Every structure is written in structure tokens, then in C-alpha cells.
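The block underneath contains the structure these notes are about, expressed in C-alpha cells.
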There are 2 protein chains.
Amino acid sequence: MTNSALCTPHRRIKCQTCALRHLCLLGHLPGDDIDSLEQHIQHSQLIQRGKYLFFSGEPAHSLYAVHSGSVKTYLVDNAGNEQVIGFHLTGELIGLDGLDEGHHLVSARTLETSSICEIPITELMNPGGKLHGLSSRLLRIASHQLREDEEHLFWIGKYNPEQRLALFLLNLSERYQQRGFSATEFNLSMSRIDIANYLAVAGETISRMLLLLQQKGLIRVDRKLVRLDNLNGLKELVSS
Amino acid sequence: MTNSALCTPHRRIKCQTCALRHLCLLGHLPGDDIDSLEQHIQHSQLIQRGKYLFFSGEPAHSLYAVHSGSVKTYLVDNAGNEQVIGFHLTGELIGLDGLDEGHHLVSARTLETSSICEIPITELMNPGGKLHGLSSRLLRIASHQLREDEEHLFWIGKYNPEQRLALFLLNLSERYQQRGFSATEFNLSMSRIDIANYLAVAGETISRMLLLLQQKGLIRVDRKLVRLDNLNGLKELVSS
DNA sequence: CGCCTAATTGACGTATATCAAGTTTCGTGG
DNA sequence: CCACGAAACTTGATATACGTCAATTAGGCG
């Protein structure tokens, strides 16, 4: 773990009693499998805002599950350019893109103080292991991640900044709803710059587009808080 | 299989004797596993240029491996916009993004007459199955695909059209080299428009940038044929 | 040989990046 | 609790890279 970021002592939560089981990697596994894996997991360690889970290029020895809070992943090239790849919420698994080559492609850092579970890769990839259900579960999670990256690609390739922002907000809305939160009112844990970077536009453009959407009566923004007043309006904006 | 595209009779090649084993999904599996899977695979069926392997939204019952030729995958939204997601060469596996939800996200069509192997998903995802090595192999392939999509995202997010084209050519160069072909001279199996779409620029811009790279002495283009005269020059173009 | 699509080339307009100035927010320490 | 400074954000003015439109040429295939 980079910088001992995950070493903060914290109340241990076992997977079996975790309220997030249905969202998590382990949620769909038979009890026996969870038992075997359970002991190797570092459960819900508290990490401060802005700390790194791992850096690009580091050996990938673990996957990380967001128990609470949020994390951004991003790529950096040798000229120092950063491209935000994803924002990860409760229940999401980070680090799958490091499995193939054995070292991380992206870097990952927390957007707010977050609680993170660390799952050693050796336990997951053991071909002779007993965790048969786990592999197919992991594969489905990887497949889902693929889907998200490809949709992200679509956003950037085919929509203008206003539409990208609408898609971003609608996407967050859906994911918050899946997690039992409001679909129409939530806090943006990431900065405007991070949103801009993620959507491949300038920071100033995000300011302007938030204002524009507000002037159109589709959303209401107050600092980090966003309210989506007209979900259908946002959707129509995208399909035109 | 859509439109009976894969029904053309063709000389059957078994995985064990396939020249592409080292590139393929099955290349790293123990012989026993290949034996079990072998019988369920439709080996190297010939498909004409422009035929579809599958459409977005269709039930995902198979994965497809490119035995020879090339395939593009792309997303379509309900307004009809197309975004090319990837170009797939010999040995690459297509359809992993359909595993999670059970239906394909992207559509896939051949860029030239190609030979394609079809692998039923039921055989792959069977949790009680005997193919333990297969799951982790599949997971690594998914991880690799994730990596490619995320790099693609980076290209579009952070580089200008000239740089994107250079990255695209360098990427093709590397992949051809891995397959035993020339790293500096190859045919583009996709149209300019497909390249443009993939790189999220206008078709005309690709024409202009190809010309520009040629005028700089970095490449030489003749219709579909490209020669990379200065690989380092192309790389420097990107890191500036 | 002739049609149809793909590719090229040029002229032009605009969306959005960039630059710059100003304002608000927020964390920190007095 | 307030004051300060540093970020983050907003807002405006300007420039330009690239998309769009249009006309032309070249290739591919029947």
C-alpha cells in the first residue's frame, strides 16, 4: 500500500455482515467462498482525502473495493498530462486493468475521506484455488468496467460539452439511485477541474455549461450540491 | 450468428494445430482444458468483408476470436451516431463487454474477409466447470482490453488530431510486429472515415494529417499502404 | 468502360480553448 | 471566532484549431 495510506486503524467490518454485500464483488458468492477469501481481505480501512491507493506503474498486488467515499482513477503520460478515467463510488472495484501486465495502468486517489477494502490478487487469480464462483464474478465486473469505459469513449467522441455534462450528471444520478441515494440531489465529490478533465473539456467550460443547464431550468447548482430538476430534459438534450 | 454470417463452410483448423495459439485465448491453457473446450468451438469460419458478427443489444451467446483478417467494433446511439471503439486483429477476442449484462454493448463487423472462431459463452462461464485455467486467462484478456480502451480515452482526451493519428499508427505498428509482420509497412484495412471516427476527428482531418505527416517525412502513404519512415519522430511528436 | 463510393483539397465559420481578471470558498492558525 | 492566504471557481474577451460545406479527383468493382 502506497504511503501507508491504508494503515489507519478502523473498525473492522466483515464481508458477511457488510451492508454493501449486494453491490460488492463478494455479494454473489456462496458463503463458503466468502469464508475462504474473508481472511485475506483488509476490510474497510479509512483513507483521507487526496491519498493514493496506488500509482501507475506500481506492481499490482491488490484490488481495491470502495466501501464508502469515492475515488478517481487517471492516466498520466511522461509529459505530465493527466486524463481522468473514472470516478468510483461505493461497491465498485478498482485495479482490474492491472491484472494483465501485473502492474497498474492508472493511478488511484481518494476524492474524499473514504473507506477501502483491499483484496490481494494472489487469492483471486489462483487457478488451482477453490473459488470457482469468484472468477466468473470478477469477469463480469471486468466486463462491466469495459462497458463503462466504452460509453465514456462514446461521450467524448460524439457529444458536445453541454451534452457530455448532462450524460455525466445522469450517470451519477443512476449510480446514486442504485446505491439507495437520491437520484435528483447529490454532492459532487470531485472538483470542476476533475469533471472537465474526465469529459475532455476545459475547466471554464464546465462552469459555463453548469450555468447554462441551470438557466435552462434543468438543474440547480450550489457549490458542490447539484439538483436535477428535469431528468427527461437532460435526456432529451443528449438525443438531439 | 447474425445473418448466418459465419455459416460459410471452411477448412477446419483445430486449436491444437493452430498457428496462432500463442496469440489466442486458448494459447496458455493446459492441453486437457483445450480438449474440453475444443469441441464446442466453431473454428475459423470465413466471413466476407462488411458482414456483422453481432449487433449491439443482441443476446451475447458467444465470444469471437479473430483468426485472420480484421474487425471493427462500434457503439451506436438511438440518434444513429456511430463511435468506433476498436479495431481487432488476428488473435484478439471480441465480445467481452457483453458478458456482464448478457447482451452485446457494441456491434462488430468485418473490415475485410476474415476467418473467425466462435466460442460459446456457456462453456466459458460455467462456474462448476473444469476449466479453471480458462477463467483467469479470460480475466487477463478482459484486463488487457480495459487497458486499451483507457489508453484510447487518453488519446482522445489529451492529444490533437496529428498526435492521435501518430499514436494510432504506432499502435498498429506494434501490434503488427507482435504478429510477425513488418512494424514499418502495412495496409490499413479500415477506411479513413473509420480511422477518423475512432480518433474522434473529422474524416477530412485524417486526410490532412496523413499529408502533414508525409510532408514532415515521418510516413509515406499510398492509398491503403502506409510506411512509417521515422518511428522515433512519430513518438517525439506525441511527447511534446 | 462507367458508375458509385472513398478520398482529397480548399474556403469558411464557429465552438471551445486559452488567457486574464475577479470572486468565492475553505482550511489554517492566530 | 475571526483573519488570512491559497485554491477553486466564475466570468469575460479573444484567438484559433478543427469541423463543416462544397467541389474535385481517384479507385474499385460490376
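Order of the sequence lines fixes the chain letters, A, B, ..., with proteins taken first and strands second; residue numbering starts at 1 for each chain. What you are looking at is a predicted structure, and each value in this text was computed from that prediction instead of being measured.
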Between C1' of C:dT8 and CG of B:Leu212, the distance in whole Å
15 Å
Before accepting this row, confirm whether a basic side-chain N of the pair B:Asp222/B:Arg220 lies closer than 4.0 Å to the acidic partner's carboxylate O.
no
Determine yes or no for a side-chain-to-main-chain donor-acceptor pair under 3.5 angstrom, with A:Arg179 supplying the side chain and A:Leu23 the backbone.
no
Euclidean distance, atom CG of residue A:Leu199 to atom P of C:dT16 [Å, nearest integer]:
13 Å
Calculate the interatomic distance between A:Gln215 atom CD and D:dT10 atom C1'; express it in whole Å.
13 Å
Expressed as a whole number of angstroms, how long is the span from A:Leu213:CG to D:dT10:P?
13 Å
Does a side-chain N-to-carboxylate-O contact under 4.0 Å join B:Glu112 and B:Lys224?
no
Check the interface with nucleotides 11-14 of chain D: list each N/O to N/O pair with the protein under 3.5 Å, or write none.
from	atom 1	to	atom 2	distance (Å)
D:dG12	N7	A:Arg208	NH1	2.9

To the nearest 0.5 Å, what is the distance between CE on A:Met209 and CD on A:Gln214?
14.0 Å
Selection from C:dA7, D:dC18, C:dT16 that lies nearest to any side-chain heavy atom of A:Pro161:
C:dT16
Round to a whole Å and report the spacing from CD1 of B:Ile193 to P of C:dT8.
10 Å
Is the NZ or CZ atom of A:Lys158 positioned over A:Phe154's six-membered ring, under 6.0 angstrom from the centre and within 45° of the axis?
no
Closest nucleotide of DNA chain C for B:Met190 versus for A:Val201: which of these residues is on the 5' side?
B:Met190
Nucleic acid footprint by protein, nucleotides 25-30 of chain D - heavy-atom cut-off 4.0 Å, B for base, S for sugar-phosphate alone:
--SS--
Tell me: CZ of B:Arg192 to P of C:dT9, nearest whole Å?
10 Å
Using whole Å, what does the distance between atom P of nucleotide C:dA7 and atom CG of B:Leu188 come to?
10 Å
Donor-acceptor check, side chain of B:Thr110 to backbone of B:Gln48, threshold 3.5 angstrom: yes or no?
yes
Which is true for B:Ile206 with a 4.0 Å heavy-atom rule: it touches a base, it touches only sugar-phosphate, or it touches nothing?
nothing
Residues two or more places apart in sequence or in another chain: which of them pass ring pair (Phe, Tyr, Trp, His ring centres under 6.0 Å) with B:His88?
none
Would the B:His152 and B:Tyr198 ring centres measure less than 6.0 Å apart?
yes
Which heavy atom in B:Ala183 sits nearest to a heavy atom in B:Ser173, and how many Å separate them?
O-OG, 2.6 Å
Using atom CD1 of A:Ile156 as one end and atom C1' of C:dT16 as the other, report the distance to the nearest whole Å.
15 Å
Let's see if you can work this out: which of C:dT16, C:dA17, C:dA7 has an atom nearest to the side-chain heavy atoms of A:Asn160?
C:dT16
